[in-house]
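Proteins come first, then strands; the chains are lettered A, B, ... in the order of their sequence lines, and each starts at number 1. No hydrogens, no waters, no symmetry mates; every other heavy atom, side chains included, goes into these values. Source: prediction; values computed, not measured.
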Amino acid sequence: MNFQLTEEHQLIRAGVREFCGKFVDPVANEIDQEPRFPSEIVKKLAEQDWLGIPYPAQYGGAGSDYLSYIIVVEELSRSCATTGFTLECHTSLASYPIFKFGTEEQKQKYLVPLCKGDMLGAFALTEAGAGTDAGAATTVAVLDDGEWALNGSKIFISNAPVAGMTIVFAMTDKTKGTKGLSAFIVPAGSPGLKIGRHLNKMGIRGSLTAEVLLQDCRIPKDSLLGQEGQGFRIAMMTLDGGRIGIAAQAVGIAQAALDESIRYAKERVQFGKPIASLQAIQWMIADMATEVEASRFLTYHAAWCCDQDLSYSKEAAMAKLFASETASRQTNRAIQIHGGIGYIKEQKVERLYRDAKITEIYEGTSEVMRMLIAGSLLR
Amino acid sequence: MLNIITCFKWVIDEADIKADAATRKLLFGRAGYKISAYDRHAIEEAVRFQEQHGASVAAVTVAPPSAKKCLKDALSRGPDSACFVNDPSFLDLDPSQTSSILAAAVRGRIKFDLIICGEGSDDLYAQQVGPALAERLGIPCATCVSKLTYAEDEKHIIAERRLDDGMETVLVPLPALVSVLPGINTPRIPTLKEVLGAAKKEIFNVALEELGDIPGPYLKTVEVVAAAMDRRGIRFSADEEGVRSAVNALFKEGVLSQGVL
């Protein structure tokens with residue numbers, strides 16, 4: 001058993017940290033406060049070969065492993081959760097289904113530009129009446145005159161306003177429930193595709209989240225991804241991998257909360273000495289560090305399973321469950337350590353606290369994670 | 001095509017060094033290592049030449065075998081090959097030893113037209129290895145270089161040197177050695193493909209036995225302790241009397257002298 005990262009993984013981490021110090025840290029607060037989408041950073045992510053990390057070079061990817069990708073998401077999120085999530089959504093949710101289920105032609109047409117950063121991707125599963133219950137989707141796709149016609153609306157779709165293509169899930173046979181769900185590649189600018197209102201979020205405020213409206217949206221017949229009726233499986237498999245990405249995002253946020261807390265506890269003097277010398281603070285810091293480390297190991301283990309071609313569904317669920325709840329706990333503690341100043345907008349911990357919460361919700365809530373874990377144990 | 005050698009040092013990351021509060025001794029227990037920041041500019045300058053003039057670049061370092069990790073780090077930054085001059089005794093070398101080892105390793109082994117070093121190292125900043133290496137190899141040397149251009153036809157380089165009292169531009173025939181200042185360029189952050197590609201590049205190992213006689217050290221480090229900064233805790237008011245006493249206090253501490261005024 002080897003708990004050490006390879007030299008390459010260590011170099012990747014060092015590279016991302018340097019990148020963040022130079023390009024992300026200086027603007028992370030403004031990305032949150034304005035809020036604005038960090039397009040200039042996304043362009044630089046492409047230059048670093050970070051937009052298609054786990055995909056083969058023949059599709060424009062870096063040809064690296066899942067763990068490398070996870071390390072990049074973690075370190076970006078430590079600096080700016082919006083940036084980390086933008087990469088996660090693009091790589092896990094939009095690119096993976098094409099890599100795994102796409103035809104060679106679809107891969108050349110979409111995966112190559114996605115990996116090279118010529119195009120960002122989005123993933124549209126959720127609907128107003130179909131969140132966790134994805135099988136309740138009411139968006140429908142009908143083959144009409146040699147094209148697919150899509151009708152319905154999706155909500156909470158990340159990256160949608162900047163996406164060059166969106167994976168859209170729609171019912172091709174309503175009578176079959178989840179088995180009637182199919183996945184489609186919908187390019188930006190397709191007739192009948194509209195991006196609805198932007199949603200004003202509590203955290204990851206720079207990330208663009210919008211409604212995707214499909215009003216007789218016409219796409220070519222070959223836009224079907226995988227087989228008809230395979231949509232639910234595609235969505236679930238995609239989310240399995242995505243969860244490791246969200247776990248990494250949560251680890252990054254929690255680590256940042258710990259970093260900030262240690263720095264502040266050493267600086268802040270009360271009763272004539274730094275508060276770091278008080279046991280009440282020391283215990284909080286010790287608990288934070290321990291939980292962050294445990295989250296990181298769960299996350300890296302899930303990524304490692306993925307790289308080893310072992311099943312990782314349960315591992316991904318455990319990593320996401322523990323890391324996301326850890327992020328919420330640690331950011332809460334970080335504000336407690338900071339006291340009043342931690343409640344003020346200019347402090348990074350205030351942003352971290354808001355950014356952490358979503359990791360317990362998207363790509364499967366903590367409750368769904370517990371269901372999945374229990375399900376795999378009690379089968 | 002130019003053959004370029006770029007020298008680099010694997011140093012303790014100063015951000016990881018802690019000091020014992022009581023003894024002021026430096027604690028390196030959990031410290032990581034990195035390529036000396038000055039040398040990253042040297043590597044970058046060599047790679048810039050490689051991109052502009054089609055040069056081949058060899059990165060050379062002198063270190064104990066435990067520093068092997070530095071090679072991929074260096075190679076991910078663009079050099080074509082690395083030369084690892086290593087022996088367990090190559091620890092805490094003084095600049096005269098490092099330059100002797102480098103000279104012995106390079107001579108007759110690596111073809112070069114130009115050697116690029118960082119102006120100093122992050123840990124010692126003695127600024128001696130570059131000039132001493134040039135001296136041992138019998139080639140001209142320009143230090144404090146902030147801009148470097150290559151006159152391809154005439155086989156010389158033009159180096160702008162940033163000196164205390166101004167800028168000096170020198171024309172140096174090749175082969176030559178330059179030591180560069182951080183302002184000369186912005187080192188790139190290796191892309192993921194560059195990181196992964198580093199493992200495929202060539203590494204030459206050079207052992208102590210292959211180097212001939214290496215002189216002993218001229219320097220002996222007696223003790224290293226952390227610099228201590230104590231606050232005096234003196235408060236001054238903002239009125240005329242306060243300003244006067246602040247100025248007096250600065251004189252008393254030797255921060256100001258009559259000469260300054």
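In this structure, A:S64 and B:L196 approach most closely via the heavy-atom pair CB-CD1, 3.7 Å.
Proximity of a side-chain donor or acceptor of A:D49 to a complementary backbone N or O of B:T191 within less than 3.5 Å is not detected.
Applying the 6.0 Å contact sphere to OH of B:Y33 captures no more than 12 heavy atoms from other residues, nucleotides or ligands. Counting heavy-atom neighbours within 6.0 Å of B:K193 NZ, excluding the residue itself, gives a total above 12. The number of heavy-atom neighbours closer than 6.0 Å to CG of B:D16, taken from other residues, nucleotides and ligands shown, is above 12. Heavy atoms of other residues, nucleotides or ligands lying less than 6.0 angstrom from CZ of B:R188 number more than 12. For B:K201, the NZ atom is densely surrounded, since the number of other residues' heavy atoms within 6.0 Å is greater than 12.
At a heavy-atom cut-off of under 4.5 Å, chain B is reached by A:E7, A:E8, A:Q10, A:L11, A:I12, A:G15, A:E18, A:F19, A:K22, A:F23 from residues 3-23 of chain A, listed in order of number.
Side-chain contact check for A:Q48 versus B:I189: some heavy-atom pair is nearer than 4.5 Å.
Between B:L192 atom CG and A:S68 atom OG the span is 6.0 Å, to the nearest 0.5 Å.
Ranked by heavy-atom pairs under 4.5 Å with chain B, the first of A:A57, A:G63, A:A62 is A:A62.
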